[in-house]
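So the structure is just underneath, and the comments pick up after that.
Every chain is numbered from 1, with letters handed out A, B, ... down the list of sequences. Just so it is clear, the model here is predicted, and its values are computed rather than measured.
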2 protein chains.
Amino acid sequence: MVTPGSGGEPREGSAVPERMPTIRDVALLAGVATSTVSRALSKPERVNRHTRERIEAAAAQLNYVPSSQAQGLSSGRTNAVAVLVPDITNPFYFDIIRGTQHQLKAAGYTQLLVDTEESSEMELEALHKMRRSADGFILAASRLTDTQLAEVSGIQPVVTINRASASTPTVVIDTPSAVVQALEHLASLGHHRVCYVSGPPTSWSNRARWNVFEEESSKRGLEVHHIGPFTPKTTSGAAAADAAARTGATACIVFNDLLAIGMLQRLRERGIRVPEDMSIVGSDDIFGADFCNPPLTTIASPIEQAGRVAVSMLLSQLNPVPGRSSRQLAVMPTHLTIRASTGPAPA
Amino acid sequence: MVTPGSGGEPREGSAVPERMPTIRDVALLAGVATSTVSRALSKPERVNRHTRERIEAAAAQLNYVPSSQAQGLSSGRTNAVAVLVPDITNPFYFDIIRGTQHQLKAAGYTQLLVDTEESSEMELEALHKMRRSADGFILAASRLTDTQLAEVSGIQPVVTINRASASTPTVVIDTPSAVVQALEHLASLGHHRVCYVSGPPTSWSNRARWNVFEEESSKRGLEVHHIGPFTPKTTSGAAAADAAARTGATACIVFNDLLAIGMLQRLRERGIRVPEDMSIVGSDDIFGADFCNPPLTTIASPIEQAGRVAVSMLLSQLNPVPGRSSRQLAVMPTHLTIRASTGPAPA
DNA sequence: ACAGTTGCGGCAAGCGGTTGCCAAAAGTTG
DNA sequence: CAACTTTTGGCAACCGCTTGCCGCAACTGT
């Protein structure tokens with residue numbers, strides 16, 4: 001229709017559906033059975049070296065790539081791992097994604113990335129729909145209840161990140177202990193009225209941080225305030241900043257950097273100086289925390305590493321070593337990174 | 001071994017390998033043949049409504065989810081699209097990933113995310129290894145040569161982003177035209193000596209920007225400088241800043257925001273004021289460009305939308321509508337977002 | 001030289017769907 | 001009411017690969 005040329009030459013820019021070589025083609029070329037090819041490629045020791053080399057040559061010549069689909073069908077494993085994050089938008093998760101991606105690739109797995117949009121329903125749905133296409137799941141900051149989580153992890157291999165639970169292997173980032181550091185830091189700067197700026201109520205780590213905050217603050221005799229919840233986005237920072245200013249607190253520990261950065265912007269607009277009038281501590285040390293204005297004092301977390309560890313834990317669950325039982329909990333250390341958003345309490 | 005309890009109750013936290021329901025189970029329960037189930041689920045009109053409802057009920061009851069593997073095996077499509085980006089670390093690609101992810105999910109596709117680490121070899125390798133597991137590819141800022149690209153896109157459906165090529169459908173972000181705007185902006189502020197801070201030499205968009213920059217600068221009688229190439233990361237900003245300062249230029253247009261933000265930091269360290277002593281224009285308007293110090297004037301691009309459009313183009317290539325031939329080129333508009341990093345030329 | 005191992009490769013039965021083809025059932029028409 | 005068309009559902013052959021089982025041949029020890 002387009003070009004009535006002789007013999008249907010491939011149109012430029014469109015895929016030629018030329019049949020891909022199969023294991024059969026390789027077997028034929030190498031003069032062996034398909035089973036031998038399969039073994040030569042996956043369990044090299046199961047096949048004579050000479051035969052194997054012939055097969056490898058044939059495979060190379062044909063440019064053969066096994067179909068992971070077919071492989072999966074018969075072997076029952078997909079060699080893929082799904083990573084579910086509440087919000088792809090959030091730089092925090094990007095570091096996680098980067099970590100998982102890296103480690104998964106190294107182990108020969110494919111990463112299936114899913115954005116659950118902070119919704120436990122979507123999370124469950126993905127978990128359900130993908131159970132056939134992934135060997136395991138990594139849930140970053142899962143919004144699931146304990147019950148749901150237990151149920152899910154009874155059905156398929158799961159590792160959670162920043163969501164402790166008895167039923168599931170977990171890697172948690174130890175922000176609570178750094179909250180203590182942050183509080184000490186603020187106290188030593190002379191702050192007496194401190195405020196916790198809360199993130200999503202469904203977030204386990206938010207609850208964990210608040211608990212420590214409250215406990216430690218009162219232990220130190222500080223006047224404690226609590227505002228929120230706020231959506232953990234820079235855009236919610238304005239509301240958070242206003243609310244924080246109203247409490248009369250001179251220092252805030254904020255659920256995460258995103259929110260903290262948003263607050264910084266708003267405070268600046270309102271002429272509230274940071275740190276002279278108010279100190280701000282964020283959490284996560286995401287991309288941007290070092291170059292915002294002022295640079296943010298924050299609870300630095302090895303986020304990417306957390307992603308990596310999560311993958312390791314999942315993989316050791318998928319391919320268990322008979323002797324050693326796989327680790328159920330990894331705690332990633334954190335520390336306070338002090339930059340310019342914290343300073344002495346106003347006189 | 002762990003608990004010698006009676007009858008191997010599932011160990012907490014480990015997956016129970018309970019067999020998943022297959023299409024056969026559904027067929028049995030509904031009292032029809034598997035073929036009918038298959039059809040009821042994929043081509044509803046091909047089956048009597050009453051039968052279909054019975055099948056749907058059975059499927060729901062069994063909690064049946066078709067195995068995408070098996071589906072793919074027989075149908076030849078995987079319902080997955082691979083997205084290759086040069087560097088997951090780079091916020092620019094976050095936005096692309098977000099866009100593709102969104103659109104792919106809406107179309108019922110799975111996204112396979114791959115980091116090619118700025119290497120054309122890894123890109124080719126991924127393209128090759130995954131050709132069985134993905135129906136198509138989206139190459140963001142591909143590092144491939146025209147020849148390689150042509151070859152690849154002759155074999156499989158590909159859409160590129162920010163990498164124009166005759167052989168492949170492409171969505172380009174029209175930064176060049178915004179470079180003109182930026183240049184005008186700078187000229188109107190009285191700048192006469194301008195510098196282009198170059199990104200990776202393998203980047204098509206870098207070349208495109210430089211070409212326009214050079215042409216338009218000289219057309220306007222500006223003294224043009226060129227420094228680089230630099231790796232597009234904030235850490236390269238220091239070197240870039242130093243080099244830029246040495247040229248004597250009063251304004252820089254920088255390959256991307258990452259690099260620009262890095263320069264901002266370095267300039268500040270060196271006591272070179274932005275914009276009083278030097279104006280900086282970035283490109284992309286990534287996360288962070290609005291809250292760095294000073295906020296960055298930049299060429300804003302609808303990055304996420306570019307990702308979405310790329311997916312649309314790919315999908316229309318995968319499922320062609322007989323009548324209409326699919327679009328080969330989409331140009332995304334850009335505009336200059338003026339913030340605080342540009343100002344009048346120093347006297 | 002003989003029975004017992006061991007190494008290596010082939011056979012064939014799936015894995016869980018899809019789909020071309022066919023036949024029975026149902027609906028149409030003159 | 002017979003002949004014809006249209007629905008509708010079943011049969012069975014794959015899709016490409018893995019794997020349990022088997023048998024042959026070469027090797028071992030006595």
Per the under-4.0 Å heavy-atom filter, residues of residues 44-52 of chain B near DNA chain D come out as B:Arg46, B:Val47, B:Asn48, B:Thr51
Those residues at least two apart in sequence (or on a different chain) that pass salt bridge (Lys or Arg N to Asp or Glu O under 4.0 Å) with B:Asp115 are none
Hits for salt bridge (Lys or Arg N to Asp or Glu O under 4.0 Å) against A:Glu304, two or more places apart or cross-chain, chain-then-number order -> A:Arg98, A:Arg308
Protein-nucleotides 26-28 of chain C N/O pairs closer than 3.5 Å?
none

The side chain to side chain donor-acceptor pair (under 3.5 Å) partners of B:Thr78 (sequence neighbours excluded) come to B:Asp135
Within residues 58-82 of chain A, those residues having any heavy atom closer than 4.0 Å to DNA chain C are A:Leu73, A:Ser74
The side chain to side chain donor-acceptor pair (under 3.5 Å) partners of A:Arg163 (sequence neighbours excluded) come to A:Asp146
Under 3.5 Å, which donor-acceptor pairs link side chains of residues 53-63 of chain B to any protein atom two or more places apart or in another chain?
unit_1, atom_1, unit_2, atom_2, d
B:Glu53, OE2, B:Arg49, NE, 3.1
B:Arg54, NE, B:Ala30, O, 3.2
B:Arg54, NH2, B:Ala30, O, 3.0
B:Asn63, OD1, A:His128, NE2, 2.3

For B:Asp87, the side chain to side chain donor-acceptor pair (under 3.5 Å) test, sequence neighbours excluded, returns B:Thr89
Contact check, residues 27-41 of chain A vs DNA chain D, heavy-atom distance under 4.0 Å, returns A:Ser35, A:Ser38, A:Arg39
Only pairs under 3.5 Å count here: list side-chain donor-acceptor contacts from residues 31-47 of chain A, not counting sequence neighbours, and write none if there are none.
unit_1, atom_1, unit_2, atom_2, d
A:Ser42, OG, A:Ser38, O, 2.8

In this structure, CG of A:Leu113 is separated from CG of B:Leu104 (nearest 0.5 Å) by 10.5 Å
Just N and O in the side chain of A:Lys43: are any of them under 4.0 Å from OP1 or OP2 of D:dT18?
no
By side chain to side chain donor-acceptor pair (under 3.5 Å), A:Ser74 pairs with (sequence neighbours left out) none
Whole-Å distance, A:Ile23 CD1 to D:dC14 P, equals 18 Å
